[in-house]
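Taking it in order: structure first as structure tokens, then the write-up.
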Amino acid sequence: MSETPLLEVDNIKVHFPIYKGVIARQVGAVKAVDGVSFSVNRGETLGLVGESGCGKSTTGLAVLRMLSTTAGTIRFDGTDITHLSRAALRPFRRRIQMIYQDPFGALDPRMTVGQLIAEPMIVHNIEPNRAARDTRARDLLSMVGLRQDMAERYIHEFSGGQRQRIGIARALAMQPDLLICDEPVSALDVSIQAQIVNLFQDLQARFGLTYLFIAHDLAVIRHISDRIAVMYLGRIVEIAGREALYDHPKHPYTQALLAAVAIPDPDIEATRPHITVTGEVPSALNPPPGCRFHPRCPLAIDRCRTEEPQLRDMSNGQSVACHLA
Ligand code: SF4
């Protein structure tokens with residue numbers, strides 16, 4: 001494994017301005033991502049977990065440069081891609097692919113599956129020869145566990161799990177290094193989820209892929225991730241290796257998330273903290289001062305209401321943003 005991480009995200013912010021009145025005066029901003037830093041090593045899976053609206057999907061879109069960052073830096077394979085022009089970004093676009101929850105919502109239903117998989121090869125000039133492209137599309141179908149003759153069929157003929165396999169084949173057609181997987185299994189039945197997660201793992205082992213895996217489901221994240229970052233209201237509150245995070249969570253929010261999920265080991269289950277939180281996630285338009293989690297945190301002290309805790313390295317790569325950790 002190379003020393004330099006494949007992806008380095010440094011203190012990125014994605015703020016969406018709010019305008020009001022006839023002269024469209026800016027009256028505020030939704031701070032969807034508000035100072036997020038992490039790195040992903042080559043061949044590694046970093047899980048990004050948190051409740052809906054915490055900014056995890058926005059983070060993924062920012063890394064993909066489909067959303068502009070308000071501040072911060074994104075480095076991919078050693079290159080700062082944060083402000084690259086469209087043309088300069090093009091080779092990186094091919095190397096960073098996104099897998100969506102519904103991969104075919106925006107695609108032409110009149111194209112065959114083979115055409116859908118071949119299309120990005122034309123756009124990125126990966127395989128100019130049509131016959132070779134068709135063969136590669138069929139090979140890609142085999143790689144994701146589908147029959148080659150399915151290339152002639154249309155997307156509406158497939159189940160949700162099969163569609164996701166086709167979506168993965170389409171992404172692999174670009175020969176990417178990094179896959180940003182945004183809730184790729186959350187719309188599927190549990191038994192199918194496991195098959196698709198296993199497919200992601202097989203493909204990673206086979207092609208050395210790197211994943212930024214975004215999900216709200218802690219069981220899925222645990223299964224696939226090497227390290228995990230927990231997001232709350234636009235910030236990372238804890239980042240750690242899988243065992244450390246699930247066996248010894250240090251941030252009260254992580255503890256609360258995990259308290260809702262049974263751990264198979266009875267010793268760990270008996271000793272780990274069982275924190276519960278109430279109330280809704282506050283608005284990213286007006287995040288609470290101090291620690292953003294303080295209105296819901298059962299352990300909050302006065303300092304938490306005024307002073308924002310920074311991510312601090314505890315040990316073994318476990319970092320926590322909490323005054324009490
Ligand atoms: Fe709770 Fe305070 Fe820690 Fe925030 S800093 S998680 S409010 S104890």
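Nothing here was measured: the structure is a model prediction, and the numbers come from that model. Counting starts at 1 for both ligands and their atoms, following the listed order.
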Is atom 4 (Fe) of ligand 1 less than 2.8 Å from at least one N/O/S atom of Cys291?
->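 Yes.
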With respect to atom 7 (S) of ligand 1, which of Gly290, Cys322, Cys304 exhibits the smallest heavy-atom separation?
->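 Going through Gly290, Cys322, Cys304 one by one, Cys304 has the nearest heavy atom to atom 7 (S) of ligand 1.
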Ligand 1 atoms in contact with [X] (distance to a heavy atom under 4.0 Å):
{"X": "His323", "result": "3 (Fe), 5 (S)"}
{"X": "Leu324", "result": "8 (S)"}
{"X": "Pro252", "result": "6 (S)"}

Does one side chain, of Thr73 or Asp80, offer a donor that lies under 3.5 Å from an acceptor on the other?
->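 No - no donor-acceptor pair under 3.5 Å links their side chains.
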Contact check, side chains of His216 and Glu51, non-hydrogen atoms, under 4.5 Å =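 When only atoms from C-beta onward are counted, Glu51 and His216 do not touch, as no gap falls below 4.5 Å.
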Could you check if a side-chain atom of Pro184 sits within less than 4.5 angstrom of a side-chain atom of Gln164, using non-hydrogen atoms only?
->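 In contact.
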Ligand 1 versus His251: contacting region, heavy-atom distance under 4.0 Å |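 Under 4.0 Å from ligand 1, His251 contributes side-chain atoms alone.
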Ion pair check, Asp34 and Arg235, cut-off under 4.0 Å =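 Arg235 and Asp34: not salt-bridged.
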Less than 4.0 Å between a side-chain N and a carboxylate O, is that true for Asp77 and Arg42?
->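 Yes.
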Report the nearest protein non-hydrogen atom to atom 1 (Fe) of ligand 1: residue, atom name, distance rounded to 0.1 Å.
->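 Among all protein heavy atoms, the one nearest atom 1 (Fe) of ligand 1 is Cys297 SG, 2.4 Å.
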Flag this pair as yes if the NZ/CZ of Arg153 is under 6.0 angstrom from the six-membered ring centre of Phe158 and inside a 45 degree cone about the axis; otherwise no.
->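 The answer is yes; both the distance and angle limits are met.
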